[in-house]
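Some notes on the structure that comes next.
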Number of protein chains: 2
Amino acid sequence: MTNISNLFFYIIFVFMSNKCEKCIVKKFTGLQALNTEQLKCISDGKVTRTFKKGDIIFDEGDHLKGIYCVRYGIAKLSKLSTNGKDQIIKFVSNGEVLGQRSVIAQEPANLRAVAVNDMDSCFIPKNIILENLHNNAEFTLELLQNLAHELKEADDVIVNISQKPVKNRIAETLIHLEDSFGIDHEGFMIIQLSREDISNIVGTATESCIRMLSELKKEKFIETSGKRIKILERKTLKKLGEGIQN
Amino acid sequence: MTNISNLFFYIIFVFMSNKCEKCIVKKFTGLQALNTEQLKCISDGKVTRTFKKGDIIFDEGDHLKGIYCVRYGIAKLSKLSTNGKDQIIKFVSNGEVLGQRSVIAQEPANLRAVAVNDMDSCFIPKNIILENLHNNAEFTLELLQNLAHELKEADDVIVNISQKPVKNRIAETLIHLEDSFGIDHEGFMIIQLSREDISNIVGTATESCIRMLSELKKEKFIETSGKRIKILERKTLKKLGEGIQN
DNA sequence: AATAATATATGACAAATATCAGTAATCTAT
DNA sequence: ATAGATTACTGATATTTGTCATATATTATT
């Protein structure tokens with residue numbers, strides 16, 4: 001009994017942690033919705049999964065056994081092209097979910113997920129998701145709107161990547177990264193990516209990416225210090241990103 | 001009474017029409033699920049909406065009042081880039097649905113939908129969709145899997161468009177168009193697109209697209225006759241499309 | 001702290017793609 | 001059937017982007 005009670009509070013703690021404020025998990029956590037068996041399943045060391053920078057959370061083609069709700073850290077989702085390059089599709093961070101598409105569609109993962117920093121996540125086993133998909137309308141609707149949003153973003157990426165020159169896409173990417181992950185006390189972006197990662201977002205050769213960053217630096221639109229990047233001319237970059245040619 | 005009865009059979013006819021066999025509408029058509037008011041609403045000339053080749057079904061930014069289930073014909077979904085080019089994101093044909101993302105997310109349309117041929121569709125008003133989203137788990141799940149599939153496709157497009165050269169993307173597009181819409185008795189693809197449309201799928205200049213098609217023609221991989229295109233070397237084109245360089 | 005390994009940077013050049021100009025073919029509407 | 005409009009095609013050239021080589025800086029390892 002005490003055992004179950006402890007477990008209960010532990011799960012409350014995990015779910016209510018401020019890191020997970022927006023986490024989709026809360027949608028079916030009227031915890032009473034979960035039975036003892038499910039609670040046990042989540043608890044046995046499976047609730048929290050931690051990853052170190054560079055760890056592969058799952059790979060293309062993997063059959064996922066559940067979804068990951070990011071509590072702390074950032075993951076990148078990418079797909080290997082036949083030319084050997086890894087196209088980064090999107091980033092996922094605090095309160096966002098990894099792997100839901102594959103679990104919903106009951107298909108192997110289409111993307112690879114890799115930890116950009118050290119990462120903490122809740123793991124929610126597939127069977128709990130599927131059960132809720134059939135019973136919990138609010139939960140399903142939430143997922144639906146989640147995917148609807150992702151789809152819009154993906155469509156936007158298609159347009160940008162195919163129609164805008166590299167420099168504009170890099171400008172846009174920098175703005176987007178700053179908006180998503182914020183800046184530190186010195187004004188540098190929190191997320192630190194290699195030049196290769198940035199080029200894999202933009203869909204260009206690493207050297208081209210570096211060259212454009214150098215240009216932006218010469219034009220005093222950004223400042224760099226190692227991997228760290230600070231945006232100096234936000235408005236100008238934003239215009240550039242929106243396609244107003246430089 | 002007879003009036004209602006006629007209406008009933010009309011709707012049965014529309015929904016059960018072989019054109020709509022796979023139509024998502026069937027998921028909430030246990031017609032008894034709809035009340036008289038809903039039936040009336042669907043009937044008043046709104047069930048069937050026809051469009052002529054080139055008609056804009058809805059435009060970017062439009063607030064959709066419902067979704068369109070394609071009974072006959074093909075629509076293209078595209079988005080205008082800041083550079084003035086129209087990127088085609090996908091095609092929608094028999095039994096597939098238009099506008100669901102916007103209705104689900106309750107957001108303005110992100111894409112423009114244009115009829116590629118003369119088109120016939122069922123129009124399902126938004127309120128019926130939203131009602132079913134809250135009550136009809138099977139329907140919601142179906143939509144969810146629909147979006148999950150679209151998302152995967154969109155991610156694949158991102159990788160292809162950013163990493164493969166134009167010629168390969170054109171090869172892939174031709175294969176995809178033939179697979180989606182089939183061929184006539186002479187072996188020409190059913191769907192007839194302008195060179196500009198094809199270039200807007202591939203994300204390239206129209207002239208580049210034409211040049212590549214000419215190359216494919218010289219290499220005897222395809223044959224053309226006006227807008228009509230026939231694939232001659234399916235395997236080779238497919239390999240090309242998969243990224244095996246030529 | 002020194003060394004190796006890796007990432008970043010830059011130049012020179014090559015390849016891919018876009019743009020512009022002009023012609024030929026096809027479609028559209030009377 | 002024909003004139004006008006649109007679309008398809010081709011060549012010449014410009015621009016963008018990629019590749020290769022090499023140097024410098026940064027990070028990791030002992």
Side-chain angles (χ1 to χ4, degrees), chain A residues 52-54 81-87 116-118 160-171 173-174 188 191-219 222-230 240 243 245-246, chain B residues 52-54 81-87 116-118 160-171 173-174 188-189 192-219 222-230 240 243 245-246:
Chain A
K52 282 202 201 166
K53 180 176 172 174
S81 172
T82 39
N83 72 353
K85 281 215 151 198
D86 205 39
Q87 176 69 40
V116 172
N117 323 112
D118 291 352
N160 286 328
I161 216 164
S162 75
Q163 305 284 9
K164 287 182 195 160
V166 171
K167 192 170 177 184
N168 302 54
R169 268 140 59 201
I170 289 185
T173 299
L174 294 178
F188 285 94
I191 188 171
Q192 287 180 30
L193 298 173
S194 67
R195 300 296 191 255
E196 193 184 3
D197 270 343
I198 298 177
S199 69
N200 288 346
I201 299 170
V202 168
T204 195
T206 308
E207 295 95 324
S208 301
C209 174
I210 290 173
R211 239 181 279 276
M212 294 303 168
L213 285 173
S214 298
E215 278 189 28
L216 293 174
K217 225 156 63 178
K218 273 194 197 113
E219 296 166 312
I222 64 171
E223 182 187 322
T224 68
S225 154
K227 278 198 202 330
R228 304 192 311 150
I229 297 175
K230 170 153 66 172
L240 245 184
Q245 298 296 333
N246 183 28
Chain B
K52 281 204 200 163
K53 180 175 173 175
S81 172
T82 39
N83 72 353
K85 280 216 149 197
D86 205 40
Q87 176 69 41
V116 172
N117 321 112
D118 290 353
N160 286 328
I161 216 164
S162 75
Q163 305 285 7
K164 287 182 195 160
V166 170
K167 191 169 178 185
N168 302 55
R169 269 141 57 201
I170 289 184
T173 299
L174 294 178
F188 285 94
M189 299 184 358
Q192 287 180 30
L193 298 173
S194 66
R195 300 297 191 251
E196 193 183 5
D197 271 342
I198 298 177
S199 71
N200 288 346
I201 300 169
V202 168
T204 195
T206 308
E207 296 94 323
S208 302
C209 173
I210 290 174
R211 242 181 274 278
M212 293 303 167
L213 285 173
S214 298
E215 277 188 30
L216 293 174
K217 224 157 62 180
K218 275 194 195 112
E219 295 166 312
I222 65 172
E223 184 187 322
T224 69
S225 155
K227 277 199 205 327
R228 305 193 310 151
I229 297 176
K230 170 152 68 171
L240 245 185
Q245 299 294 333
N246 184 28

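In this text, all values refer to a predicted model and were calculated from it rather than measured experimentally. Note on naming: letters A, B, ... go to the chains in the order of the sequence lines (proteins, then strands), and numbering restarts at 1 for each one.
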Terminal axes of the helix from C:dA1-D:dT30 to C:dT30-D:dA1 (5 end pairs apiece), angle rounded to 10 degrees, sit apart by 60°
(request) Could you tell me whether B:K167 and B:E219 have a side-chain N and a carboxylate O separated by less than 4.0 Å? (result) yes
Each nucleotide of nucleotides 17-30 of chain D classed B (base within 4.0 Å of a protein heavy atom), S (only sugar-phosphate) or -, in 5' to 3' order, makes SBBB----------
Hits for side chain to side chain donor-acceptor pair (under 3.5 Å) against B:T224, two or more places apart or cross-chain, chain-then-number order -> B:K217
From CD of B:Q192 across to C1' of D:dT7 the rounded distance in Å is 14 Å
Sorted by chain and number, sequence neighbours left out, side-chain contact (heavy atoms from CB on, under 4.5 Å) with A:K53 holds for A:D118
**Side-chain H-bond candidate by donor/acceptor type, B:Q87 with A:S162, under 3.5 Å** = yes
Donor-acceptor pairs under 3.5 angstrom involving side-chain atoms of residues 201-214 of chain B: please list them, not counting sequence neighbours.
residue : atom : partner : partner atom : Å
B:T206  : OG1  : B:S199  : OG           : 3.4
B:S214  : OG   : B:I210  : O            : 3.0

Residues at least two apart in sequence or cross-chain that pass side chain to side chain donor-acceptor pair (under 3.5 Å) with A:N117, listed by chain then number, are none
Residue set satisfying salt bridge (Lys or Arg N to Asp or Glu O under 4.0 Å) with B:R195, at least two apart, ordered chain then number -> none
Contacted region of DNA chain C by chain B, from 5' end to 3' end of the hits, cut-off under 4.0 Å to heavy atoms, spans C:dT17 to C:dC20
- Is the backbone of B:D197 close enough, under 3.5 Å, to the side chain of B:S194 for a donor and an acceptor to pair up by distance? yes
B:L216 CG to D:dT10 C1', in whole Å, measures 16 Å
side-chain contact (heavy atoms from CB on, under 4.5 Å) filter on B:D86, not counting sequence neighbours, yields B:S78, B:L80, B:N200
Applying side chain to side chain donor-acceptor pair (under 3.5 Å) to A:K230 and not counting sequence neighbours gives none
